[in-house]
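Quick notes on the structure that follows.
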Amino acid sequence: MSRAVLLFCTLSLAACTTAPPPATATRPVITGPQIIPAPASLTMGAGAPYEVTRATNIVVDGSSPEVTAIAQGLGALMRKSTGFPLVVSTADTAPNKIQLRLAADRGSLGEEGYELTAAANSLTLTAYRPAGLFHGVQTIRQLLPFDLESDMGVSRSVWPIPALSITDQPRFAWRGAMLDVARHFFTVREVQQFIDLLALYKMNTLHLHLSDDQGWRIVINSRPKLATIGGSTQVGGGPGGFYTQADYQAIVQYAQQRYITVVPEIDMPAHTNAAIVAYPEVGCSVRPTALYTQTDVGWSALCVDKEETYALADDIIREISAITPGPYFHIGGDEVQALTHEQYVHIVERLQTIVNKYGKKMIGWEEITKAKLNPNTLAQQWKSDSATAALQYGSKLIMSPAKKIYLDMKYTRATELGLNWAAFVEVRDSYDWDPATYMSGVTEANIVGVEGALWSETIRNITAAEYLIMPRLPAVAEVGWTPQRLRDWENFRVRLASQAPRWNLLGVNYYRSPQIPW
């Protein structure tokens, strides 16, 4: 039994067996490279394939440390399986080369686009910005045989990539996933494993849900009891846990190296019990203040009319903003039952002012549209069309519809992990929708992008998390990256199946959906 299956079995409430996967429909024949997300433009060439051999060098423009770092990352990825030296150099005379270059005349590719050309003896990756090169490297990774992911070394003298030309850039600027580390705590290494999967599929945003009723997960130096008291438990009991600021910065740096922006979320004014236990003077909940390990929502609340509340919020937002290079701070703002409409509007607008004071743009779940928003505030749609109210202020939307891309929803009634309050969400549900037509009155111009959300009430570690996000995460990635006119479910499900051998070598746990021809 594999490590991934064994660890998943330890989480199961029923006996776990290694029964064969469910039967699937006949696998359609899809020719050509099976890349996820599908490129915006791909043309197959007629010539010989490019072949990575022992003689291959990786050539870079020596003036850019970022380009060199990306090239070194590609070399490190390939060396472990090929055993080839894959020297990174600035010498452009290698007879067999992979060339990475930035080009000032490729502005049309934007911040994240790239061009990739494969021909005999030359593989050339060109971008306008380093992020584009990094995303192009993920395409190279998927074009190479899947056993590139092996740590054991592979007896192969030639690693081919078919002759082709790709010009690619994302549909949406925001392609993200949320990880809830508050209901159950995830270690730094587990978060990094989550980031690795985002990077493989060209996603660029990690939204960390750092606080909730059941746990507070980051040290605030000016308010130490938030972590020491509020971080002491989690759903179902257990020790909980929290990140030091150095831990958090390690996560941020790891993400930055993969061109992923970390968005911290401190949920306010509800979902705040862990903070209120630490500092009871700011609490106006409808239940007694005590550590909480269950999963009911909406009953906790910060006091709106106390300046102590805003002093606490100021300390939290100031310290986290100082160690977060990304431009956003998420205040949550959802599922508030203990405040009046007027109280809710008041606190959201005060929090928006504090966030802006520390140089960040505010994000909140769709309920924040009850307040007056600044044009640079983002509203995150999740359950209804109320998010459209943000458009009157010039604000834009992140699309996270629970019936489509809440990745904590069960796949079917038979799957044990996950919830089902929104829907049972199979892989096709996560793939087969268009953000620009999902809500009446919302066009593509109103949307910054898409984000899959993984809430952690039912999951205790990264193996369980992988089971719920895989294979739905690649579906979310393609929704965010690939032009709508090029997306096709029958084509996608075959490309998705081709990823499974890669996941097996990476040790990634995943759900063997009967919709996919594995």
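Please read all numbers here as calculations on a predicted model, not as lab measurements.
- Under a 3.5 Å cut-off, the side chain of R472 and the backbone N or O of V427 do not form any donor-acceptor pair.
- The shortest side-chain heavy-atom distance between W433 and M399 falls under the 4.5 Å cut-off.
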**Message:** Is there a side-chain contact (heavy atoms from CB on, under 4.5 Å) between K410 and V425? Walk through the geometry before answering.
**Reply:** CA-CA 6 Å; K410 291 185 175 186; V425 179; over 6 Å; no
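- Using a 4.5 Å heavy-atom cutoff, the side chains of I35 and I166 are in contact.
- Note on ring orientation: taking the six-membered ring where Trp is involved, the planes of H330 and W365 are tilted (angle from 30° to 60°).
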**Request:** Report the C-alpha distance between E367 and W382 in whole Å, list the side-chain angles of each, state the deciding distance to 0.1 Å, and finish with yes or no for side chain to side chain donor-acceptor pair (under 3.5 Å).
**Result:** CA-CA 10 Å; E367 289 92 327; W382 67 281; 3.0 Å; yes
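- Shortest non-hydrogen contact noted between L133 and T126 is CD2-C, 4.1 Å.
- Between the CD atom in E466 and the CG atom in L197 there is a gap of 6.0 Å [rounded to 0.5 Å].
- In the model, Q380 has no side-chain atom that pairs as donor or acceptor with a side-chain atom of E366 under 3.5 Å.
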**Request:** Could you please spell out the steps behind the salt bridge (Lys or Arg N to Asp or Glu O under 4.0 Å) verdict for E490 and R493?
**Result:** CA-CA 6 Å; E490 290 300 324; R493 74 189 192 98; 2.8 Å; yes
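- Q253 places no side-chain N or O within donor-acceptor distance of the main-chain N or O of A250, the cut-off being under 3.5 Å.
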**Asked** Would W455 and Y406 count as a side-chain contact (heavy atoms from CB on, under 4.5 Å) if you check the C-alpha gap in whole Å, the side-chain angles of each, and the deciding distance to 0.1 Å?
**Response** CA-CA 8 Å; W455 302 99; Y406 259 37; 3.1 Å; yes
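- Panel note: side chain T324, backbone I320; a donor-acceptor pair is recorded below 3.5 Å.
- Side-chain atoms of Q245 never come within 3.5 Å of backbone atoms of I323 as a donor-acceptor pair (strictly under, hydrogens ignored).
- Salt bridge status for K202 with E112: absent, with no side-chain N to carboxylate O gap under 4.0 Å.
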**Request:** Just do the side chain to side chain donor-acceptor pair (under 3.5 Å) check on D147 and S150 with the steps written out, would you?
**Result:** CA-CA 5 Å; D147 48 3; S150 174; over 6 Å; no
**Request:** Could you walk me through whether R106 and E115 pass the salt bridge (Lys or Arg N to Asp or Glu O under 4.0 Å) test, one step at a time?
**Result:** CA-CA 9 Å; R106 296 297 202 279; E115 294 175 355; 2.9 Å; yes
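- I447 is listed as a side-chain neighbour of P435, based on a closest heavy-atom distance under 4.5 Å.
- In summary, D429 and K403 do not engage in a salt bridge, as defined by a charged side-chain N under 4.0 Å from a carboxylate O.
- Between E265 and G332 the shortest heavy-atom distance is OE2-CA, 3.2 Å.
- Nearest heavy-atom pair, T261 versus P327, reported as atom, atom and distance to 0.1 Å: CG2-CD, 4.2 Å.
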**W159 vs Y50, ring pair (Phe, Tyr, Trp, His ring centres under 6.0 Å): CA-CA, chis, key distance, verdict** = CA-CA 8 Å; W159 294 73; Y50 174 72; over 10 Å; no
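- Side-chain contact between V235 and Q294: absent, with no pair of heavy atoms (C-beta onward) separated by less than 4.5 Å.
- In this structure, the side chain of R171 does not engage the main chain of G480 through any donor-acceptor pair within 3.5 Å.
- Counting only distance, with no hydrogens or angles, the side chain of Y344 and the backbone of G333 share a donor-acceptor pair below 3.5 Å.
- Once rounded to the nearest 0.5 Å, the distance linking CG of D434 with CZ of R485 reads 13.0 Å.
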**Request:** Would you sort out whether T377 and N374 count as a side chain to side chain donor-acceptor pair (under 3.5 Å), showing the intermediate values?
**Result:** CA-CA 5 Å; T377 292; N374 293 336; 4.7 Å; no
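- A heavy-atom distance below 4.5 Å is found between the side chains of L100 and I98.
- Residues passing the salt bridge (Lys or Arg N to Asp or Glu O under 4.0 Å) test with E149, sequence neighbours excluded: R141, R502.
- Relative to the ring axis of Y254, R258 places its NZ or CZ within 45° and under 6.0 Å from the centre.
- By the 4.5 Å heavy-atom criterion applied to side chains, L505 and L148 are not counted as neighbours.
- With values rounded to the nearest 0.5 angstrom, L351 atom CG is found 11.5 Å from I266 atom CD1.
- Below 30°, between 30° and 60°, or above 60°: for Y259 and F134 the angle between ring planes is between 30° and 60°, a tilted geometry.
- Residues that satisfy the ring pair (Phe, Tyr, Trp, His ring centres under 6.0 Å) test with F492, not counting sequence neighbours, are Y431.
- Side-chain atoms of T205 never come within 3.5 Å of backbone atoms of I260 as a donor-acceptor pair (strictly under, hydrogens ignored).
- Salt bridge status for D408 with R183: absent, with no side-chain N to carboxylate O gap under 4.0 Å.
- No donor-acceptor contact under 3.5 angstrom links the side chains of E426 and T412, judged on distance only.
- The main-chain N or O of H271 is found under 3.5 Å from a side-chain atom of S300 such that the two form a donor-acceptor pair.
- Here the side chain of D385 pairs no donor or acceptor atom with the backbone of M439 at under 3.5 angstrom.
- The two residues L144 and P160 make their nearest non-hydrogen contact at CD2-O, 4.1 Å.
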**Item:** Chi angles and distances behind the side-chain contact (heavy atoms from CB on, under 4.5 Å) call for I140, L125
**Value:** CA-CA 9 Å; I140 293 171; L125 177 60; 4.2 Å; yes
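- The ring pair (Phe, Tyr, Trp, His ring centres under 6.0 Å) pairs that include a residue from residues 180-200 are F185-Y243, where partners are two or more places apart or lie in different chains.
- Here the CG atom belonging to L419 is positioned 9.0 Å from the CG atom belonging to L468, to the nearest 0.5 angstrom.
- Between Y114 and W481, the angle of the ring planes lies from 30° to 60°, which puts this pair in the tilted group.
- Looking at H135, R175, Q499 one by one, the single match for side chain to side chain donor-acceptor pair (under 3.5 Å) with Y201 turns out to be Q499.
- Taking the centre and axis of the six-membered ring of Y328, the NZ or CZ atom of K360 falls outside the cone set by 45° and 6.0 Å.
- Contact check for T272 versus D267: no side-chain heavy atoms found under the 4.5 Å cut-off.
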**Request:** Evaluate the side-chain contact (heavy atoms from CB on, under 4.5 Å) criterion for residues Y438 and K404: first the C-alpha distance (whole Å), next the side-chain angles of each, then the deciding distance (0.1 Å), finally the verdict.
**Result:** CA-CA 10 Å; Y438 186 75; K404 297 294 183 180; 4.1 Å; yes
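- E190 places a side-chain N or O within donor-acceptor distance of the main-chain N or O of I462, the cut-off being under 3.5 Å.
- With contacts defined as side-chain heavy-atom distances shorter than 4.5 Å, the pair V494/I516 does not qualify.
- T458 approaches G418 most closely through the heavy-atom pair OG1-N, 2.9 Å.
- Annotation for T139 and L116: closest pair CG2-CD2, 4.0 Å, computed over non-hydrogen atoms.
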**Request:** Take W216 and F242, measure what ring pair (Phe, Tyr, Trp, His ring centres under 6.0 Å) needs, and give me the verdict at the end.
**Result:** CA-CA 7 Å; W216 183 278; F242 55 84; over 10 Å; no
